[in-house]
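Structure first, then comments.
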Amino acid sequence: MAAVHTPLLEGEAKERGEDVLGLSLAHPVHEDSTRRAIVASYWIVVLLVFPVWYYMTSIERLPLPTERIDLLGQREVQFPIKIDVDLGDIGDLELSRTYPRKLVEDLARLRQGSSGELPPLAFDIAISAGEDPGDPCTDAASGEEEDSYRLHFRTQDAYPMFASCGRHLLIGARDGTDLPHSVGDTLRDLLAPYSNSRLHPPAAESRIAQYSPTYRLAFTLLNEDASVGGAAVGWEIQQALSQYIRPTLAQLSALHNFTIESQVQYFGGLTFDPLGPLSDDDGVESWRLSEEQMSVFVNSAEWTLTSGVSNDPVLHFILFVPSADRRPLYTETRLRLQRNDSFILPQWGGVVIHNPSGHHEGAPNTLLSAHDLAGPFKVFRSQLSALLGVPQFPPQVVTSAWQHKSPITPWQLDALKRRRALENVRNSADALRSIVSLVNQIENMPVGQDVLGQVDGALAALDATTPAASSSSLSQILAHSIDAFTLSSKAFFNPGMIGLLYYPTEHKYAVYTPLFAPVAVPLIVALVREIKAARERRRAAANKQKTE
Amino acid sequence: MHLPLALLLLLLHTIPALGTPQNEQFEEHLTLRPLPDGKVHAQFRFITTVSDPLKGVPFDLADREEALHTTLLPLSLTQLLRTYYTPELHLSLNAGKWDPLRWGQPGGALRTGAEMWAWVTDSRAPSGEGEGEGEGEGEGGRWQGLTNGLAGLFCASLSSQMEQRTTSPRLAFRPEGDLPSYTPHKLYHASHPSESICTENLTPFLKLLPCKSRAGIAQLLNPHRAFDADWHGMGVHVRWSNSSAGGETEVRMEVGVVFDPVRVSGGKREWSLKSLFDRTITRSCPAASSSVLTVQLPEEMHELLPQPAKMLSSDGVFEAVYDLGSVGEEMDVGMRWLEDRFDYATVRYTPPELIIRRALKGGSTGLSELSVILSNTRAEPRRVLYVETLPWFISLFLHTLQTEVDGVARDDIIQSISYLPPVSPKPTLLEITLLLPASSEVHLTMQAEKGFIRYTEHQPDASRGWDLPAAVVFPLPLNASSSPAKVAIGGGEGEGRIYSSTLLVDLPTPDFSMPYNVIIMSSTLVALFFGSVFNCLTRRFVVLRMPAEKGKGKAS
């Protein structure tokens with residue numbers, strides 16, 4: 001504050017020993033200690049309020065159980081496999097003593113893995129001999145336990161080399177002296193088919209859709225152009241579904257829940273022209289789809305293939321009826337005797353091309369009966385199995401007659417369950433680790449109570465899949481892995497976590513700066529001055545002491 | 001020898017032309033009506049009916065997890081209605097200016113904006129859990145899900161501000177079909193007066209039709225021409241009826257367009273399908289069981305080409321009917337008049353039977369007055385139900401309701417009032433049953449107050465104002481003894497509804513730059529005040545010894 005002075009006033013004030021404001025110069029308000037106390041009290045208030053402000057402007061970030069999540073990588077899921085070997089009527093006692101060891105060695109090699117990754121299988125092998133050499137397939141297949149498989153050796157010629165029914169594998173040994181070498185390989189193909197690159201090539205691997213507990217199956221009868229004539233205007237889909245598709249869905253019900261919807265479309269135009277007309281050796285004209293055209297077959301812009309009501313992943317199955325002036329339509333790699341051409345679009349669905357008779361315009365419209373739909377729906381069934389990851393059954397094993405009613409054998413189902421359980425455990429562990437690293441990296445991400453609950457639930461479910469848990473059969477491991485996957489997905493995609501994610505820090509500075517900067521500057525300057533003055537005084541005092 | 005032939009014949013007879021297991025039928029109908037002032041009103045109707053003798057109820061509650069198989073019904077719409085347990089749904093999206101004095105009524109649809117109402121199964125019904133109630137409370141959850149689904153299906157923003165637009169009228173909007181009787185249903189009604197319709201809404205609409213826009217009458221729907229017209233709109237109406245043969249679900253999809261050939265051609269009012277729509281019908285829809293084009297013939301001398309197959313007359317109006325079931329090459333219908341130029345002055349209009357005029361008078365602050373004029377031009381008295389929905393910030397003062405008939409104040413024409421006062425954010429709902437005397441003009445006035453709304457609730461262009469939804473007038477039968485709940489409104493298709501125009505209300509707006517001002521002002525004050533006080537407290541006052549200049553005594 002500039003001192004307003006006049007020489008007259010100044011003179012008078014000095015005479016009286018006051019300053020210009022009328023306060024005595026000896027008043028404590030002018031003393032240094034007062035000023036230091038004032039500055040110090042301002043700073044004490046600032047320091048006391050700072051934690052309160054920090055608490056009130058912080059976001060809720062509950063602590064995640066990071067130690068438990070870190071330990072996740074070290075635990076392994078183990079699938080219990082119990083193999084009962086029944087040497088049957090193999091008379092040679094010598095063999096009955098050496099073969100168990102050979103089998104154990106075979107399986108040890110199996111465990112070390114030949115090609116590809118094997119699932120962690122914990123084998124429990126029991127060998128018995130001289131039991132009743134009946135045919136296990138003729139007995140009713142009831143009461144089969146999960147996870148326990150039986151090998152039966154038979155010497156009778158009536159048996160083929162390898163046959164299976166239910167969870168039994170019958171091995172026919174031609175003579176009782178030596179046992180087939182490839183038992184170990186066949187067992188590997190049955191128990192761990194995904195590791196055999198012949199049975200399960202990389203193309204098949206890339207087809208398999210991501211796991212989801214619910215799937216929607218959308219069946220569409222798609223006419224390319226119904227106005228030309230010869231179109232299929234309806235189909236008996238309910239019957240075809242119950243005959244071909246529903247048994248498979250029932251078998252897979254432990255893994256997924258399915259909802260089905262179907263529709264008929266009359267105008268599903270293609271965005272390209274198939275190659276043609278080409279005439280083959282018999283002089284029959286046909287149109288062809290090349291590989292490239294198959295990959296862009298689905299015209300998603302024009303075709304509405306599914307109702308978009310729920311968020312479940314959808315597998316589409318299209319029965320395509322080409323227009324009457326472009327029939328018959330085949331794919332380029334068509335087998336001669338195959339009636340229905342079909343192809344799978346990986347992880348999306350499958351297309352079957354149906355060429356009804358009536359190649360001219362103005363042909364009458366037809367209704368596809370269940371008999372007409374038998375061929376396409378068998379193809380849909382195999383496409384559905386391929387998309388859901390059902391492995392191939394090894395060709396050297398013969399399945400018995402009643403297997404055809406239920407198209408997926410228990411060996412395949414168990415292998416699929418093991419694969420999905422492993423996948424779910426790995427994916428949920430990854431999701432949990434990603435949550436932890438995201439929350440650590442992004443300071444603004446809140447972690448609420450519901451996210452914490454879901455993470456805890458996922459960890460508990462993952463704990464239940466380890467062998468240390470009391471319940472460890474395949475179905476329980478699968479159920480727990482599905483729980484873990486669902487909960488960890490929910491925690492990862494929780495919408496509450498992205499609320500404040502993009503809160504710009506410039507906003508904070510823009511509001512705080514005009515308010516606090518004019519307050520802060522005098523405080524800081526006063527503090528700095530006090531410190532400098534204190535240092536000066538100490539130096540002056542030290543100097544005075546020295547000179548004294 | 002004859003047995004296989006007989007069997008073959010039998011087989012052929014049992015396979016119907018469309019041959020769907022449930023009896024599904026699709027009909028399309030286009031009505032062209034030349035209006036007195038040279039315009040042409042085209043109304044497209046696409047009706048899909050499904051009659052299922054096995055099922056007694058439309059969307060069986062227990063069936064929700066069962067497979068849904070459709071042939072002609074649109075799958076997305078049906079799946080949506082099934083998921084949210086809705087047996088009856090009405091949705092209209094219209095834009096443009098409809099002139100009721102000259103053109104009549106747009107067939108029970110509103111004049112501008114979007115309107116949607118549905119009878120939703122009460123969620124306390126059995127198996128009422130699941131994805132139906134995602135967000136929102138129990139009952140509102142299904143309506144919320146339905147509006148979100150429809151908004152996604154038709155690419156329209158129908159789900160914005162649902163809480164502020166949804167009402168449940170007690171007397172109005174009775175179900176046009178039947179509702180399953182084993183469970184209670186609730187009516188939800190919402191209107192968006194400022195919602196516009198564009199080509200993005202027509203494209204998914206056409207995808208719901210069996211033949212899309214590739215064959216049949218729907219080929220004419222050229223979005224560029226349709227949305228260039230004076231008035232255009234689309235509607236979806238789903239209802240279910242319980243007949244003796246089982247349940248029948250009807251999905252009716254409509255598009256209405258009013259063209260002005262005089263404006264486009266520069267003076268002549270002749271039209272043809274090619275000149276109106278820029279397209280002709282080249283193929284017939286194979287899924288349609290009947291495909292009909294009807295032209296209403298005006299009274300003056302005109303020429304209609306090509307010659308129609310049939311002529312019908314109903315109520316003194318002659319109609320020419322063309323059957324589009326089998327279209328060989330292009331099908332183009334045109335009408336010509338004898339004159340050279342159209343003369344607006346020679347046109348005579350027949351006034352409609354009921355005219356509504358509505359206005360909100362008053363400035364942006366202070367009391368306003370809602371004034372409604374209902375004119376009954378018929379020579380006999382009419383009973384009507386007047387329904388008014390206003391947003392929550394307009395409060396009506398019901399005690400100031402005054403009625404005047406031809407300038408004379410009268411008390412006895414109001415028969416009943418049902419009033420739901422606004423509770424933020426729910427809107428006001430006013431339903432008045434009136435008896436309009438013959439050939440009279442009834443003037444209703446009511447005072448209203450406009451409230452302040454929060455700073456963040458204003459629309460981006462706050463000075464424009466808020467759109468108020470149209471008021472609806474339902475004609476009722478004169479016999480007042482039947483209770484309002486059982487009244488059949490108009491014809492089977494709700495034709496009798498009359499909508500007024502929308503209003504624009506000006507609300508007091510704050511100064512939107514205030515937050516900036518507040519920040520600046522408070523920062524300045526704090527800086528100055530704090531600075532001054534701090535300096536007073538911590539500055540030391542010292543005496544300055546100035547170099548003495550005795551000659552100059554006073555301060556300069």
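Residue numbers start from 1 in every chain, and the chains themselves are labelled A, B, ... in the order their sequence lines are given, proteins ahead of strands.
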Item to check | Side chain / backbone / both / neither for A:Ile38 at chain B, heavy atoms under 4.5 Å | outcome: side chain
Item to check | Value rounded to 0.5 Å, distance of CZ in B:Arg214 from OH in A:Tyr266 | outcome: 15.0 Å
Item to check | Segment of A:Asp225 engaging chain B (4.5 angstrom heavy-atom cut-off) | outcome: side chain
Item to check | Nearest atoms (heavy-atom pairs only) where B:Thr71 meets A:Val233 | outcome: CG2-O, 3.6 Å
Next on the checklist: To the nearest 0.5 Å, what is the distance between CG on B:Leu153 and OG on A:Ser307?
Outcome noted: 9.5 Å
Item to check | Between SG on residue B:Cys285 and CZ on residue A:Phe267, distance to nearest 0.5 Å | outcome: 6.0 Å
Item to check | Smallest separation among heavy atoms of B:Ser523 and A:Leu515, with atom names | outcome: CA-CD1, 4.0 Å
Next on the checklist: Would you say that more than 12 heavy atoms from the other residues, nucleotides or ligands in this model lie under 6.0 Å from the OH of B:Tyr455, or not?
Outcome noted: yes
Checklist outcome for this item: Separation between OG1 (A:Thr34) and CG (B:Leu537), nearest 0.5 Å, reads 11.0 Å
Next on the checklist: Looking at B:Asn517, I'd like to know if its CG atom is crowded, meaning that more than 12 non-hydrogen atoms belonging to other residues, nucleotides or ligands lie closer than 6.0 Å.
Outcome noted: yes
Item to check | Segment of A:Tyr42 engaging chain B (4.5 angstrom heavy-atom cut-off) | outcome: side chain
Next on the checklist: Please classify the contact of A:Leu523 with chain B as side chain, backbone, both or neither, using a heavy-atom distance under 4.5 Å.
Outcome noted: both
Checklist entry - Looking at CH2 of A:Trp235 and NE2 of B:His69, how far apart are the two atoms once the value is rounded to the nearest 0.5 Å? => result 9.0 Å
Next on the checklist: In the structure I gave you, are the side-chain heavy atoms of A:Val264 and B:Thr70 within less than 4.5 Å of one another anywhere?
Outcome noted: no
Checklist outcome for this item: Note: vs chain A, highest number of non-hydrogen pairs under 4.5 angstrom among B:Gly216, B:Pro210, B:Gly531 is B:Pro210
Checklist outcome for this item: Residue from B:Cys211, B:Gly149, B:Ala527, B:Ala215 scoring the most non-hydrogen pairs under 4.5 Å with chain A is B:Cys211
Next on the checklist: Using a 6.0 Å cut-off, check whether atom CZ of A:Arg529 has over 12 heavy atoms from anything other than its own residue.
Outcome noted: no
Next on the checklist: For a quick test of reading the model, state the closest non-hydrogen atom pair linking B:Lys207 to A:Ala301 and the distance between them.
Outcome noted: NZ-O, 2.9 Å
Next on the checklist: Please classify the contact between A:Ala226 and chain B as side chain, backbone, both or neither, with a heavy-atom cut-off of under 4.5 Å.
Outcome noted: both
Next on the checklist: For B:Lys212 versus A:Glu302, what's the shortest heavy-atom pair and its separation?
Outcome noted: NZ-O, 4.0 Å
Next on the checklist: Under 4.5 Å from any heavy atom of chain A, what part of B:Ser284 do you find: side chain, backbone, both or neither?
Outcome noted: backbone
Checklist outcome for this item: CG (B:Leu75) and CG (A:Leu305) are apart, to the nearest 0.5 Å, by 10.0 Å
Item to check | Pairs of heavy atoms under 4.5 Å with chain B: top-ranked of A:Gly269, A:Ala231, A:Pro518, A:Pro514 | outcome: A:Pro514
Checklist outcome for this item: So, the part of A:Gln263 with a heavy atom under 4.5 Å from chain B: the answer is both
